[in-house]
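If you're wondering where the values come from, they're calculated on a predicted model, not measured in any experiment. Below, read A as the first sequence line, B as the second, and so on, with proteins coming before strands; counting in each chain starts at 1. Heavy-atom basis, side chains included; hydrogens, waters and symmetry copies ignored.
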Amino acid sequence: MKKGYFGDFGGQFIPELLMPPLIELEEAMKTILPTEEFQTRFTNMLKENVGRPSAITYCPNLSKDLGLDLWLKREDLNHSGAHKINNTLGQGLLAKMMGKDVLLAETGAGMHGVATTVAAAMLDMKAVIYMGATDVVRQAPNVGRMRLMGAEIVAVESGTKTLKDAINAALRRWLSDQETTHYCFGTAAGPHPFPTLVREFQQIISKEAREQFMARNDGNLPDVVVACVGGGSNAIGMFHNFVPDESVKIVGVEAAGTGEPGCYSSAPIDHGTDGVLHGMMSKLLQTEDGQIEPSHSIAPGLDYPGVGPEHAHLDAIGRVDYTTINDAQAINAFKTLSRREGIIPALESSHAVAYAIENREKLQGKSVLVCLSGRGDKDLGILDQIL
Amino acid sequence: MNKMQVKIEEARAKGKVGLIPFLPAGFPNREQFWKEMEELDAAGASVIEIGMPFSDPVADGPVVEKASLKCLEDGINLTWILTELKKRKGQFKAALLLMGYLNPVYQYGLDKFGADCEAAGVSGLIIADMPLEESQFVKDAVEPHNVALVPLIGLNTTKERMRLYADGAQGFCYFVSVLGTTGQRESLPARIKEKLAEAKEVFDIPVALGFGIKHPDQLKEFGGLMDAAVFGSALISHIESGHSSDSFMEPWK
Ligand SMILES: Cc1ncc(COP(=O)(O)O)c(C=O)c1O
């Protein structure tokens, strides 16, 4: 297999001027990540600052309603409210040990921006966050948090003004500032080595969840493991340590947008074709001419026309089933989980929960373990507008 | 020898730097684009770089991005570019180069792209988001059609990587003057000289300097270290403010 590829997907499709920092990062992964110093500091931060291991939670009420056993892996309980912090602390510490003093990041929902800002503050670095102008408005609480913790926020006005354009703008900034700055990429996408690096930091989700589930279920594995897929980081973290378990059905949930015919979705695996964007060969929403289509999802963190290359590969080899949930179904799950279990999920994570609700007939009697990637406080403004 | 190299060396034989203007295809509109092309050609361009617009041009600054997105809105695509060029094959003295991003070319089909470039009289290709590591499959598709894949290098490219790019390279080497995107700059970084000297040593094809260039005076200090100059944003802004390509080219003649 070619370096940095998952089957036919992956690679490093970026300007030559970004190759030196990517090569530097790849080197650091080899020389710094395995050191005891890195591992000890990282593990301590995850324990003391993030609150790992995160719980797994059985949902008694919803399980009864649905006729299945519903378990949640509670990444929403992490400090700063989502799985994103696992990755930003890992990359932040790596960057610090590489001698960088700025963490640059793009963000859609703002969760990755907040998590990067937290990492920067903890590690005494500066955070620079690029965010589409549309997302700055719809995820205002997170913008406020980032400002409070000292981030410089750049609202991106070009293109669709969402995550994809924030990535373009952040890549441009990295071109100029590569000597002092680490691009703390927020998901398991982008040019090699990011998909591998991010998976490395997120696979702790399935490492813990697998052990926790087995401890609570007489050593049995779950029947089904589910996560939402935007760029794919919480999902790859949730899937990684279950991939070798053949009995476990793994499901990735993409966002179908409004679900109406002709509506833009955010489901490149289900609706997209092979192509190159943001440094990777992967599945994309695009026109026949190869122009990138704007995506749509009510969940800003899923609103992205591409997907991490490892997911494209897991789809191609048939190991993971990728399916879609639309905005209305996600909102229903958002309300249902809140009301029945007292847990307000992020709109992104609500897509994964909705899978269990919408497919309850097929799933009767099965144990379903869902990655609750983040909490929904940030989304109350969006919900106020539509409820 | 690739026509791009021939043309740049013709300029050098006259004691001049080769001129490589850049315009997005279909800018400022479909008809006027061909008029600008004719003016650039008549004004002595060695190579004309034609932008293939893309929705997500990561290596471009605001001026080029805005111009390219407008062309996209006007429906410009590769089929239009290659069909219109084919109609005008043999009409331009300058060598023609297409510059863009991989995805549109990939969707067009690499083999068809190579063949259609040849039929349209295109001699070179720049793919801004394709470093050495990923370039082989594109090279394999276009080189049999006499289309050279032009290497892009910059201030942070090591001599070792330059050597890898130089191996088998045709046409010219594009040296990016800044760590950043396209766009005019008031001054160019001091390190350029030293790195240009390295590039001149490594490449046996001409070396062109681009990004941030707006006036020939900027190039005086690089005399002997470069063979050609690329200018895009400055030309686009000039045309946008209602002036002609011809008047832009005047100080360069
Ligand atoms: C709570 C939450 N879940 C999921 C995602 C989607 O990201 P990924 O697909 O990388 O896990 C985001 C992104 O912002 C998020 O905030």
request  = Please look at B:Leu102 and chain A and tell me whether the side chain, the backbone, both or neither of the residue comes under 4.5 angstrom of a heavy atom of that chain.
outcome  =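 Contact with chain A involves the side chain of B:Leu102 alone.
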
Would you say [X] and [Y] make side-chain contact, with heavy atoms under 4.5 Å?
X	Y	result
A:Ile14	B:Val58	no
B:Pro151	B:Asp167	no
B:Leu155	B:Val176	no

Write out all chain B-chain A donor-acceptor pairs shorter than 3.5 Å, or none if the list is empty.
from, atom 1, to, atom 2, distance (Å)
B:Pro53, O, A:Gln291, NE2, 3.1
B:Ser55, N, A:Gln291, OE1, 2.8
B:Ser55, OG, A:Ile292, N, 2.9
B:Asp56, OD1, A:Lys164, NZ, 3.2
B:Asp56, OD2, A:Lys164, NZ, 2.8
B:Asp56, OD2, A:Asn168, ND2, 2.8
B:Pro57, O, A:Arg172, NH2, 2.6
B:Val58, O, A:Arg172, NE, 3.2
B:Asp60, O, A:Arg172, NE, 3.1
B:Glu65, OE1, A:Arg172, NH1, 3.4
B:Asn77, ND2, A:Asp289, OD2, 3.2
B:Asn103, OD1, A:Val276, N, 2.9
B:Asn103, ND2, A:Gln286, OE1, 2.7
B:Asn103, ND2, A:Gly290, O, 2.9
B:Gln107, NE2, A:Asp274, O, 2.8
B:Gln107, NE2, A:Gln286, OE1, 3.1
B:Asp129, O, A:Ile14, N, 3.3
B:Glu134, OE1, A:Tyr5, OH, 2.6
B:Glu134, OE2, A:Gln12, N, 2.7
B:Asn156, ND2, A:Leu17, O, 2.8
B:Asn156, ND2, A:Gln178, OE1, 2.7
B:Arg161, NE, A:Glu16, OE2, 2.9
B:Arg161, NH2, A:Glu16, OE1, 2.8
B:Tyr165, OH, A:Glu16, OE1, 2.4
B:Leu179, O, A:Ser176, OG, 3.4

key: Segment of A:Leu284 engaging chain B (4.5 angstrom heavy-atom cut-off)   =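 It is the side chain, since no backbone atom gets that close.
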
request  = Check each atom of A:Leu22 against the heavy atoms of chain B and say whether the ones under 4.5 Å are side chain, backbone, both or neither.
outcome  =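 Answer is neither: A:Leu22 stays 4.5 Å or more from chain B.
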
key: Between CG on residue B:Leu98 and CD1 on residue B:Ile127, distance to nearest 0.5 Å   =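 Output value for this atom pair is 9.0 Å.
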
task = Working to the nearest 0.5 Å, report the span between CG of B:Leu209 and CD1 of B:Ile213.
result =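 Between atom CG of B:Leu209 and atom CD1 of B:Ile213 there are 4.0 Å.
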
Side-chain donor or acceptor of B:Glu118 paired with backbone N/O of B:Gly114 under 3.5 Å =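 The answer is no, because no donor-acceptor pair under 3.5 Å joins these two groups.
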
ask   = With sequence neighbours excluded, what pairs up with B:Arg30 under the salt bridge (charged side-chain N to carboxylate O under 4.0 Å, His left out) test?
value =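 Salt bridge (charged side-chain N to carboxylate O under 4.0 Å, His left out) list for B:Arg30, sorted by chain: empty.
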
